[in-house]
Colleague: 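Pasting a structure below so you can have a look.
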Amino acid sequence: MRTQVGIIGAGPAGLLLAHLLQLRGIESVVLETRSREEIEATLRAGVLEQGTVDLLNESGVGERMRREGMPHEGVILRFGGRSHRIHLSELTGGRSIMVYAQHEVIRDLVKARLERGGTILFGVKDVSLLDLDTPLPKIRFHDAGGATRELACDYVAGCDGFHGVSRPSIPSRMRREFTRIYPFGWLGILVEAPPATEELIYAYHERGFALVSTRSPQVQRLYAQCNPQDQAGAWPDARVWEELHARLAGSDGFKLTEGRIFQKGVIAMRSFVVEPMQHGRLFLAGDAAHIVPPTGAKGLNLAAADVRTLARALGAFYASGRSDLLERYSETALRRVWRAEHFSWWMTSMLHRFHDESPFHHRLQLSQLQYVTGSRAAATMLAENYVGLPFEDN
Ligand code: FAD
Ligand code: DHB
């Protein structure tokens with residue numbers, strides 16, 4: 001088999017890259033270890049930045065998002081028993097966010113790809129990357145039927161997430177990794193209930209962080225800081241509600257609406273970056289190259305920004321033979337990556353309870369929350385990062 005760009009992974013990064021390349025007339029093949037049903041059912045992020053929304057709309061895959069997604073112009077920080085609103089759109093010249101689940105984006109992108117005759121090979125196994133520092137790199141794999149196949153390409157895009165094969169295919173002496181592991185995780189639940197709030201609530205409380213998000217008028221998405229080693233079984237429904245009520249309690253009468261919990265899971269939290277994000281003819285994008293703790297809602301958005309940069313660079317190469325954008329891909333992408341890394345670390349540090357920290361640290365967190373919600377300058381800093389800084393095009 002031969003293609004122009006071999007894409008490993010059908011997550012948001014891989015599928016959006018395939019779509020953006022197709023719009024530029026560049027051929028690609030997407031290889032995915034899981035089935036279509038699995039990727040379309042995996043629950044993850046929910047917040048799209050303004051730039052991600054624009055990118056999906058401009059590239060013609062935003063129709064269902066515009067109909068079913070929920071635009072939010074503000075976000076709430078809650079502490080000391082009170083809610084404080086950050087008016088995102090007013091502070092950022094009209095930019096805002098859209099609550100639209102990641103698996104819905106995946107469904108829209110898979111549909112668009114297949115309708116336009118693009119190839120996604122689901123259920124592949126034993127993927128390996130060969131000859132990355134030659135002009136004809138190859139991807140070897142077993143297809144769903146068990147046959148050994150080889151895909152020769154001009155370029156390889158490693159969009160296979162944190163546990164994929166692409167990043168480890170860069171020789172260890174050629175890459176540098178930066179990691180921070182947090183001493184807590186998030187318990188995430190889906191609940192059959194009407195929304196308790198019109199906007200997302202990020203709550204700081206001495207018992208730990210809580211987040212109230214939404215999926216639809218009938219389904220709410222809630223998170224609570226927990227021990228990262230916890231299994232979901234350590235959180236029977238009664239304990240979940242007790243913690244969420246306690247962490248969101250206050251003097252303003254806010255009341256969480258309970259309902260049937262139909263999904264529960266624990267996610268660990270880490271910050272991670274690999275530098276550079278390219279080696280020979282391999283380019284990494286999304287979680288394959290970086291991880292952020294979810295507090296800033298940046299993971300999916302960074303994946304989209306990476307592939308936007310990569311698609312432009314590949315577009316310039318195939319249109320006019322220009323390779324300078326490709327050569328600078330890692331440098332360009334990493335500027336946005338590190339900004340999001342900092343913002344995600346900062347939001348996480350401000351909003352979570354670190355049990356090994358002293359009361360001095362807790363007072364600092366409260367002071368920071370008061371400053372961020374009380375000063376227009378500080379609120380603007382949060383708002384412009386949360387809705388996403390404008391793309392850098394060079
Ligand atoms: P992925 O979505 O991980 O996609 C990679 C794809 O590659 C997968 O489909 C995988 O099956 C496939 N793959 C892996 N290995 C191979 C291989 N060898 N060959 C072929 N295919 C392969 N972000 C937030 O902002 N908020 C959240 O609440 C949030 N929750 C999350 C919960 C979980 C459990 C996880 C893991 C992440 C969460 N994130 C969240 C982060 C966000 O979902 C990711 O940043 C986003 O999915 C990144 O997209 P991606 O395409 O780079 O990687
Ligand atoms: C959601 C996830 C996040 O990580 C976040 O910061 C906000 C919302 C969500 O799943 O809805």
Side-chain angles (χ1 to χ4, degrees), residues 6-18 29-36 38-49 52 69-70 72 75-76 97-103 105-106 109-110 120-129 139-142 151 156-169 185-186 188-190 199-202 209 211-216 219-223 263 265-270 272 284-307 337 340 343-344 347-348 351 386:
I7 300 178
I8 309 178
L15 290 169
L16 184 56
L17 178 63
V29 171
V30 181
L31 306 178
E32 167 61 51
T33 45
R34 296 185 298 158
S35 66
R36 178 176 181 180
E38 278 176 274
I39 65 164
E40 292 188 349
T42 305
L43 288 172
R44 288 191 173 178
V47 172
L48 306 184
E49 292 177 354
T52 308
M70 290 162 279
H72 286 201
V75 64
I76 310 280
I97 55 151
M98 176 81 86
V99 179
Y100 187 63
Q102 175 166 331
H103 67 276
V105 177
I106 296 274
L109 288 168
V110 169
I120 308 175
L121 299 179
F122 290 105
V124 305
K125 289 197 181 65
D126 308 320
V127 177
S128 60
L129 280 58
I139 307 173
R140 192 173 291 158
F141 60 98
H142 289 129
L151 176 66
V156 178
C159 302
D160 47 354
F162 185 66
H163 300 287
V165 293
S166 300
R167 189 179 64 254
S169 302
W186 279 9
I189 59 166
L190 282 172
E199 293 175 338
L200 269 59
I201 301 178
Y202 289 80
F209 169 76
L211 169 57
V212 184
S213 180
T214 184
R215 283 293 177 270
S216 73
V219 174
Q220 308 313 311
R221 179 77 166 139
L222 306 172
Y223 298 95
Q263 208 271 344
V266 173
I267 56 173
M269 312 245 296
R270 76 170 78 223
F272 172 86
L284 301 179
D287 280 15
H290 41 71
I291 297 286
V292 287
T295 327
K298 288 282 162 262
L300 165 61
N301 295 295
L302 266 189
D306 285 351
V307 298
V337 167
F343 178 68
S344 305
M347 286 282 280
T348 302
L351 286 161
Y386 192 71

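Both counts, for ligands and for their atoms, begin at 1 and track the order of listing. The figures that follow rest on heavy atoms only: side chains count, while hydrogens, waters and symmetry mates do not.
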Colleague: Within ligand 1, which atoms have a heavy atom of Gln102 less than 4.0 Å away?
Modeller: 2 (O), 42 (C), 43 (O), 46 (C), 47 (O)

Colleague: Using a 4.0 Å cutoff against the non-hydrogen atoms of Arg34, which atoms of ligand 1 qualify?
Modeller: 8 (C), 9 (O), 11 (O)

Colleague: Check Tyr100 against ligand 2 and report side chain, backbone, both or neither, counting heavy atoms closer than 4.0 Å.
Modeller: neither

Colleague: Considering the heavy atoms of Gly161, write down every atom of ligand 1 situated less than 4.0 Å from one of them.
Modeller: 3 (O), 5 (C), 53 (O)

Colleague: Atoms of ligand 1 less than 4.0 Å from Cys159 heavy atoms?
Modeller: 5 (C), 6 (C), 7 (O)

Colleague: For ligand 1, is any non-hydrogen atom under 4.0 Å from Ile267's backbone (N, CA, C, O), its side chain (CB onward), both, or neither?
Modeller: side chain

Colleague: For atom 3 (O) of ligand 1, tell me which residue out of His290, Glu49, His163, Arg44 has the closest non-hydrogen atom.
Modeller: Arg44

Colleague: Does Arg140 offer a backbone N or O that forms a donor-acceptor pair with the side chain of Asp126 under 3.5 Å?
Modeller: no

Colleague: Mark up the atoms of ligand 1 that fall under 4.0 Å of a heavy atom belonging to Pro294, in ascending order.
Modeller: 26 (N), 27 (C)

Colleague: Quick check: Tyr202 and ligand 2, any N/O pair under 3.5 Å apart?
Modeller: yes

Colleague: Would you kindly specify which portion of Thr33 sits under 4.0 Å from ligand 1, judged on non-hydrogen atoms: side chain, backbone, both or neither?
Modeller: both

Colleague: Can you tell me if Lys298 uses its side chain to pair, donor with acceptor, with the backbone of Ile291 under 3.5 Å?
Modeller: no

Colleague: Using a 4.0 Å heavy-atom cut-off, say whether Thr295 meets ligand 2 through its side chain, its backbone, both or neither.
Modeller: backbone

Colleague: Within 4.0 Å of atom 49 (O) of ligand 1 (strictly less), any protein heavy atom?
Modeller: yes

Colleague: Which of the numbered atoms in ligand 1 are under 4.0 angstrom from any heavy atom belonging to Gly9?
Modeller: 6 (C), 7 (O), 12 (C), 21 (N)

Colleague: Hey, which atoms in ligand 1 end up nearer than 4.0 Å to a heavy atom of Gly299?
Modeller: 25 (O), 45 (O)

Colleague: Can a non-hydrogen atom of Phe141 be found less than 4.0 Å from any atom of ligand 1?
Modeller: no

Colleague: Which bit of Tyr223 gets closer than 4.0 Å to ligand 1, counting heavy atoms only: side chain, backbone, both or neither?
Modeller: side chain

Colleague: Would one find an N or O of Ile39, backbone or side chain, under 3.5 Å from an N or O of ligand 1?
Modeller: no

Colleague: Please report whether ligand 1 has a polar contact with Pro12, defined as an N or O pair separated by less than 3.5 Å (distance criterion only).
Modeller: yes

Colleague: Give the atoms of ligand 1, by number and element, whose distance to some non-hydrogen atom of Val165 is under 4.0 Å.
Modeller: 18 (N)

Colleague: Should the proximity of Lys298 to ligand 1, defined as any heavy atom under 4.0 Å, be assigned to the side chain, the backbone, both, or neither?
Modeller: backbone

Colleague: Would Arg215 count as being in polar contact with ligand 2, using the rule that some N or O on each side must be under 3.5 angstrom apart?
Modeller: yes

Colleague: Enumerate the atoms of ligand 2 whose separation from the nearest heavy atom of Leu200 is less than 4.0 angstrom.
Modeller: 7 (C), 8 (C)

Colleague: Counting both backbone and side chain atoms, is some N or O of Asp287 under 3.5 Å from an N or O of ligand 1?
Modeller: yes

Colleague: Report yes if Val47 has an N/O atom closer than 3.5 Å to an N/O atom of ligand 2; otherwise report no.
Modeller: no

Colleague: Using a 4.0 Å heavy-atom threshold (strictly under), name the region of Ala297 that reaches ligand 2: side chain, backbone, both or neither.
Modeller: both

Colleague: Do you know which two heavy atoms are closest between Gly69 and Met98, and how far apart they sit?
Modeller: C-SD, 3.6 Å

